[in-house]
Chemist: 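Below is the structure I would like to discuss, written out as structure tokens.
Naming: A, B, ... by sequence-line order, numbering from 1 per chain.
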Amino acid sequence: MRQTAFTILENTPIARDTYRLRLAGDTAAFKQPGQFVNLSLPGYYLRRPFSACDWQKGELLLIYKVLGQGTADLVALRPGTRLDALCGLGRGFDLNACGRQPLLVGGGVGVPPLYRLARELVARGRTVRVALGFNTAADAFLVGELQALGAQVRVATLDGSLGERGTVLAVCDADSASDFCACGPTAMLKALCAATRLPGQVSLEERMGCGFGACMGCTVMTPAGPLRVCREGPVFDREVLAW
Amino acid sequence: MRQTAFTILENTPIARDTYRLRLAGDTAAFKQPGQFVNLSLPGYYLRRPFSACDWQKGELLLIYKVLGQGTADLVALRPGTRLDALCGLGRGFDLNACGRQPLLVGGGVGVPPLYRLARELVARGRTVRVALGFNTAADAFLVGELQALGAQVRVATLDGSLGERGTVLAVCDADSASDFCACGPTAMLKALCAATRLPGQVSLEERMGCGFGACMGCTVMTPAGPLRVCREGPVFDREVLAW
Amino acid sequence: MVDTRVDLCGVALSNPVIAASGTFGFGQDFAPLYDLNQLGSFSFKGTTWLPREGNPSPRIAECPAGLLNAIGLQNPGVHKVISEELPRIRQVFDKPVMANVSGFSIEDYVRVSELLDAQAQVGWLEINISCPNVHGGGMAFGTDARMAGEVTRAVRAATRKPLIIKLSPNVTDITEIARACEAEGADALSLINTLLGLRLNLKTRKPLLPFGTGGLSGPAVLPIALRMVWQVYEAVRLPLVGMGGVSSARDVIEMMLAGATAVQVGSANLIDPWACPRIIHQLPGAMAQHGISCLRDIIGGAH
Amino acid sequence: MVDTRVDLCGVALSNPVIAASGTFGFGQDFAPLYDLNQLGSFSFKGTTWLPREGNPSPRIAECPAGLLNAIGLQNPGVHKVISEELPRIRQVFDKPVMANVSGFSIEDYVRVSELLDAQAQVGWLEINISCPNVHGGGMAFGTDARMAGEVTRAVRAATRKPLIIKLSPNVTDITEIARACEAEGADALSLINTLLGLRLNLKTRKPLLPFGTGGLSGPAVLPIALRMVWQVYEAVRLPLVGMGGVSSARDVIEMMLAGATAVQVGSANLIDPWACPRIIHQLPGAMAQHGISCLRDIIGGAH
Ligand SMILES: Cc1cc2nc3c(=O)[nH]c(=O)nc-3n(C[C@H](O)[C@H](O)[C@H](O)COP(=O)(O)OP(=O)(O)OC[C@H]3O[C@@H](n4cnc5c(N)ncnc54)[C@H](O)[C@@H]3O)c2cc1C
Ligand SMILES: Cc1cc2nc3c(=O)[nH]c(=O)nc-3n(C[C@H](O)[C@H](O)[C@H](O)COP(=O)(O)OP(=O)(O)OC[C@H]3O[C@@H](n4cnc5c(N)ncnc54)[C@H](O)[C@@H]3O)c2cc1C
Ligand SMILES: Cc1cc2nc3c(=O)[nH]c(=O)nc-3n(C[C@H](O)[C@H](O)[C@H](O)COP(=O)(O)O)c2cc1C
Ligand SMILES: Cc1cc2nc3c(=O)[nH]c(=O)nc-3n(C[C@H](O)[C@H](O)[C@H](O)COP(=O)(O)O)c2cc1C
Ligand code: FES
Ligand code: FES
């Protein structure tokens, strides 16, 4: 974990209520796709957790959706604004646990961390398939970018306005996959785990007090005992959760 | 009263812990020297009151001293920052009550409103004398600017490092004055009233909840009953206070 | 079109937003800023039998997301309120106004209430048994169920207006006090008054406020206010007037879901003089956003 | 050079800053960030007789200048704390640690305290009779003077370590509880625990936290905490550990002027993991600014 003062480089809409937030600052703390930042927003006491969508030396990319008051206010922040963040939080996706044909499954604001994950898997020569689920075409993002990495991308929307009609499960070719990595709403993750017996890693979301293990605010109950999403997660082996 | 979103044009030191804050925004609400703004500072619940030092169409000048945490944070705000303010608050100096040779007496952060007052009095052809008191030379400000208006300025410092040694009383030529207008610490105002029987107006300071008359937070007791510094003041006739 | 109307003890309000006592004077400082008839109503400054100058200064101390006040019930006394303030209110406000009554003895509460009971403009009496900023009286009535009941009974006998008792949050169990007031004939309860707080002046190394403590209000107290409204809603059958830190239409909705029939806005008026009309203006949009077509339907909806 | 040392019940602290229970785990998440020996001490997570998984999620709700928590005393139980956590603490912290003890019956408090009493690393027992986030027990002990006294007496008999009772702010008169604890042999009091609060989820129209209410902490509660420390300082002769919203060296000084011998920092750790060393680092400068050469001299200085 590292505390970094980032400066906003870009904060622009890319889909309905969805923004691309490019930040300048030290990114050395990020080690794994699926790790997150805990971002301090002016006027709010608690920080907001966001997955790292991608990073390079000195630059971090987040993609956020306006969900409540804090993210609504974030939209108004202009380039040049400084934002304090705790970086490199949590345990991300374990690339060594990924097989040769991993299936990446993302729903809604669970999609961003899959970008970095796909990038690293492609770099390791894996055949990467990506299944994305959105409510409607207007909500979709990162589709082209993931394709540009060389991943095979399939999209489902609930109303059929883009790709298949249905949930992301409709476009999950689990048969040909060696394993899966998934991030999205809990209901989606559970449905996915129910639908396949493939080995897999899932990234969970929980309301957080601290984001680095101090408060027990983000605990998820597992057969192995209570685990902290911010510390033992956010990415868990499905076996650990027994989902 | 008017609510204005100001933009900082300039925020620069002019004396020890003392800053000149030039703001762009609507100033139509200011009618009298001695009126004040109530400025909202990011991160603080209550607004901060500051006297208008001068204004013109679209531009307001404040001079503030770092006194507590809020003013300390204000120093860090850069040009371009927007600050919300309630403008044109309070009853200022009554120019019609000023005689032909008014003596303006200012101590410390009580000096700023005297600038606008001197300017308007000079414009009306009055012979304006100004007596200023500071702790030490490093604290002095507005001396040259007041002289440039055509006022006769005398300065006292407690350590004698500038002008006379002593309190501002040492440089108050009350004898030749028709009346006085004073702003500064309460102790200074009381001493001044004790030292002279001239008619006079004094501007008071009090901690404020609202700044526009709603909360009774700034009440000063007078023979005429409790009066609100933010509404019946901040400028009071010395007779009203019976000082 | 959304419906923002509510009914408070048989008096119709066009919307649930009522400016809170002590943050709105007698309305005169706000009348030049906006049409007061936009408000559901307002509760005027706590009025006592005799005129009061209030406490020495300073009376205000800043806090994180709030403030302490120690005004000490400065007011012109009930006779002048009736002879001077009510006529002036009539000129700027057509609706029933809420009369906030403060006192130092049961007799005080009764005689002020009797006089205000006779005023047609007064829609409700709001009996402040919870002011922490006066010595001898005020809050003591609000922190003891027996005394709260006694005040209620005595004032009940003195008025036929809707009787609202304003509760203190500085108690172990607010439901006990609430039930005592209900048992003695209160028509509604309003809550919360300010929480007892303290700030020190590090330069003088003494309390900032002249008698040490003051009353905490503002957004800082919102979660405590919501909790108490929630608890009292489950304990009594009376309508509740919720307040404490409300600053936006979403706060109004949260307060009503917790159990409030009407909502007072206090400290927010001080830092934003247009807070009440702003909130009222935001209400329809916030209702639409949360799928609320009629505000009355959500009162206590979270239980 | 300024002197930041204080003495808490005969145990010397290099400075008065103690990380508060529940915001510092067992220290392990902070040990990689800075040398824990910079701290005066830390109070570890509330420890119970049996292991506890804590409450369902969500456990956290944001508030203006603070948060609600409903952790529900998740902890591995006293046996594992002794067998696993204390040895791990020893590896990163050379000083006496404060043991925060929670329970659901007097017997619970006693048997956990007995076991911790035997641990050389433990400098003080801090008995949490004020946790609002567990059903049956916890806060009930802290809101009733008789029960608070009984817990104190029972634990007093079980330990020779300095005994600190941690008080609940959710009471009408905290001095009554404080006096009961003093009478039964407490060596010090710590205050305040969290204030009972509530937030609702406007989307689901239900409370955000699973059991409705949670405990409010953070800067929002600072003025209430200062007031209670102030009141208790006047009511008892015991040293006090002050906490509630402390986020800076100036807050530490204000808390000590109000009456605290040592000061705990809680929520601030969550939003700034380096809050404690930052505050400790700021202390000498803040002391110099306010003309304080020796911190011990200002304890209760505002009275
Ligand atoms: C590990 C992790 C990674 C995430 N990555 C992303 C991402 O890449 N892009 C994205 O758009 N969103 C992401 N989220 C969700 C994001 O944190 C919330 O949308 C955001 O906190 C909402 O803030 P708000 O102020 O708008 O909501 P409000 O409801 O106003 O916030 C109130 C409080 O609740 C918390 N909260 C509200 N919703 C959530 C939620 N869904 N998850 C966690 N905390 C919540 C807030 O952090 C805040 O503390 C992630 C969440 C977690 C836990
Ligand atoms: C009518 C009026 C005009 C003023 N004009 C000027 C001016 O032109 N230039 C200038 O430098 N100062 C002026 N002051 C004083 C200025 O308001 C305070 O210095 C400022 O509020 C301190 O804020 P702070 O956050 O640094 O102090 P803090 O002590 O951190 O503030 C805490 C609270 O106390 C209030 N407060 C603290 N000191 C004072 C004070 N002396 N007067 C009123 N409130 C105070 C703050 O507003 C805030 O609400 C004026 C005050 C009044 C009442
Ligand atoms: C400056 C001030 C003065 C107040 N005076 C009174 C009063 O006279 N009578 C009363 O019942 N409540 C009084 N209150 C309490 C408010 O009416 C309200 O109960 C409290 O402030 C909580 O609401 P808020 O957080 O919206 O301010 C006063 C509050 C403030 C801030
Ligand atoms: C997440 C969280 C967990 C807490 N757990 C405990 C606990 O286990 N035992 C205890 O005595 N207090 C606990 N507390 C209360 C704190 O120790 C402290 O009394 C309170 O938060 C006020 O201080 P603060 O405002 O600095 O946080 C907890 C507080 C928080 C925020
Ligand atoms: S958010 Fe605090 S432990 Fe995970
Ligand atoms: S500051 Fe509110 S009445 Fe003057």
Side-chain angles (χ1 to χ4, degrees), chain C residues 61-68 132 143-144 168-174 177 195-207 212-216 218-231 245 247 250-251 253-258 286 289-292 298 301-303, chain D residues 61-68 132 143-144 168-174 177 195-207 212-216 218-231 245 247 250-251 253-258 286 289-292 298 301-303:
Chain C
E62 194 178 47
C63 296
L67 70 150
L68 294 183
T143 56
D144 181 290
S168 168
N170 300 293
V171 295
T172 307
D173 181 4
I174 196 165
I177 321 273
L195 280 135
L196 210 54
L198 176 81
R199 292 309 303 266
L200 303 178
N201 183 332
L202 264 54
K203 285 176 192 157
T204 63
R205 300 195 191 167
K206 288 287 161 199
T213 57
L216 179 65
V221 311
L222 177 66
I224 300 170
L226 287 165
R227 182 261 295 185
M228 291 188 163
V229 168
W230 172 273
Q231 289 178 321
S247 316
R250 86 158 291 304
D251 295 345
I253 292 172
E254 191 169 351
M255 203 47 104
M256 293 184 75
L257 285 169
Q289 191 191 338
H290 294 101
I292 301 163
I298 68 162
H303 290 265
Chain D
E62 193 178 48
C63 297
L67 71 150
L68 293 183
T143 56
D144 182 289
S168 169
N170 301 293
V171 294
T172 308
D173 180 3
I174 196 166
I177 320 275
L195 280 136
L196 211 53
L198 176 80
R199 292 310 301 269
L200 303 178
N201 183 333
L202 264 55
K203 286 178 192 156
T204 62
R205 300 196 190 166
K206 288 288 162 199
T213 57
L216 178 66
V221 310
L222 177 66
I224 300 170
L226 287 165
R227 182 260 295 182
M228 290 187 164
V229 168
W230 172 273
Q231 289 178 322
S247 317
R250 87 159 289 305
D251 295 344
I253 292 173
E254 192 169 351
M255 205 44 106
M256 293 184 75
L257 285 169
Q289 190 190 339
H290 295 100
I292 302 163
I298 67 161
H303 290 262

Chemist: CD1/D/Ile253 to CG/C/Leu202 distance, rounded to the nearest 0.5 angstrom?
Modeler: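 Here the interatomic distance stands at 6.0 Å.
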
Chemist: Taking every non-hydrogen pair under 4.5 Å, which of C/Arg250, C/His303, C/Lys203 racks up the most with chain D?
Modeler: C/Arg250

Chemist: Between D/Gln289 and chain C, which part of the residue has a heavy atom less than 4.5 Å away: side chain, backbone, both or neither?
Modeler: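 No part of D/Gln289 comes within 4.5 Å of chain C.
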
Chemist: Let's test your reading of the structure: which of C/Gly301, C/Pro64, C/Cys63 forms the most heavy-atom pairs below 4.5 Å with chain D?
Modeler: C/Pro64

Chemist: Which atom pair, heavy atoms only, marks the closest approach of C/Ala220 to D/Leu216?
Modeler: O-CD2, 4.0 Å

Chemist: Under a 4.5 Å cutoff for heavy-atom pairs, which residue among C/Ile292, C/Leu226, C/Leu68, C/Leu200 has the most contacts with chain D?
Modeler: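 Option with the top pair count is C/Leu200.
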
Chemist: Could you check whether any side-chain heavy atom of C/Met228 comes within less than 4.5 Å of a side-chain heavy atom of D/Leu198, counting everything from C-beta outward?
Modeler: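 Side chain of C/Met228 against side chain of D/Leu198, heavy atoms only: no contact under 4.5 Å found.
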
Chemist: Would you tell me whether C/Thr172 and D/Thr143 have side-chain atoms, one donor and one acceptor, within less than 3.5 Å of each other?
Modeler: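 No donor-acceptor contact under 3.5 Å links the two side chains.
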
Chemist: Do side-chain atoms of C/Arg205 reach the backbone of D/Ala302 as a donor and acceptor pair under 3.5 angstrom?
Modeler: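 Not at all, since once roles are kept as given, no pair shorter than 3.5 Å links the two residues.
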
Chemist: Flag the pair C/Asn170 / D/Arg227 as yes when at least one side-chain heavy-atom distance between them is below 4.5 Å, and no otherwise.
Modeler: yes

Chemist: If we only count heavy atoms from C-beta on, is the D/Leu222 to C/Arg199 side-chain gap below 4.5 Å?
Modeler: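 The answer is yes; the side chains approach within 4.5 Å.
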
Chemist: Is there a side-chain contact between D/Leu257 and C/Lys206 in this structure, where contact means two heavy atoms from C-beta onward sitting under 4.5 Å apart?
Modeler: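 The answer is no; the side chains never approach within 4.5 Å.
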
Chemist: Report which part of D/Ile298 has an atom under 4.5 Å of a heavy atom belonging to chain C: side chain, backbone, both, or neither.
Modeler: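 Interface part for D/Ile298: side chain.
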
